[in-house]
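Below, all heavy atoms of this structure are taken into account, side chains as well, without hydrogens, waters or symmetry copies. Please read all numbers here as calculations on a predicted model, not as lab measurements.
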Amino acid sequence: LGISKGRLTLSEDAKKNSFVCTSLLGSVMVYVPLMEHHFQVLFKVVQSLQQSVGILGNPREYRTLYSVPGGVIDGDLVMHFLDLSPMEQQEIVDSHQLGEVSAVQALIEDICQQAL
């Protein structure tokens, strides 16, 4: 996904495997299909991030301003995982037994590349 003033371009792969929509307020949303295992990993990451204080002030309160439909992962919140300290990332990974931090980081980065 390439965005520049007045233009939105998708790679050929993204055109086949994703869905792009916009809101009346100008948001651009990209929906990318996930394998069930990847969805479960990201869902657990989002759950942990929603309970953290300090990301966006109060993430749980922030995210109650709008409703994310079931089966959809909030990509903005997932991206905050990459901004956490290595110790905070390790805590989340360990608390949900998600394997290696580097594997979760790679999953998030790969999914972002799919949408590009």
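At least one side-chain heavy atom of His38 sits under 4.5 Å from a side-chain heavy atom of Leu107. Two residues are said to be in side-chain contact when any heavy atoms from C-beta on lie closer than 4.5 Å; Ile92 and Val104 fail this criterion.
Between the CG atom of Asp74 and the CE atom of Met79 there is a distance of 11.5 Å, given to the nearest 0.5 Å. Atom-to-atom distance recorded for Leu34:CG and Ile111:CD1 is 4.5 Å, nearest 0.5 angstrom. Expressed to the nearest 0.5 Å, how far CG of Leu98 lies from CD of Gln90 amounts to 10.0 Å. Between atom CD of residue Glu88 and atom NE2 of residue His80 there is a gap of 12.5 Å, rounded to the nearest 0.5 Å. With rounding to the nearest 0.5 angstrom, the NE2 atom of His96 is 6.0 Å from the CD atom of Gln47.
No donor-acceptor pair closer than 3.5 Å links the side chain of Gln40 to the backbone N or O of His37.
Contact between Gln89 and Phe81 at its shortest, heavy atoms only, is NE2-O, 2.7 Å. Looking at every heavy atom in both residues, Leu49 comes nearest to Leu77 through CD1-O, 3.0 Å. Annotation for Gly99 and Val93: closest pair O-CG1, 3.0 Å, computed over non-hydrogen atoms.
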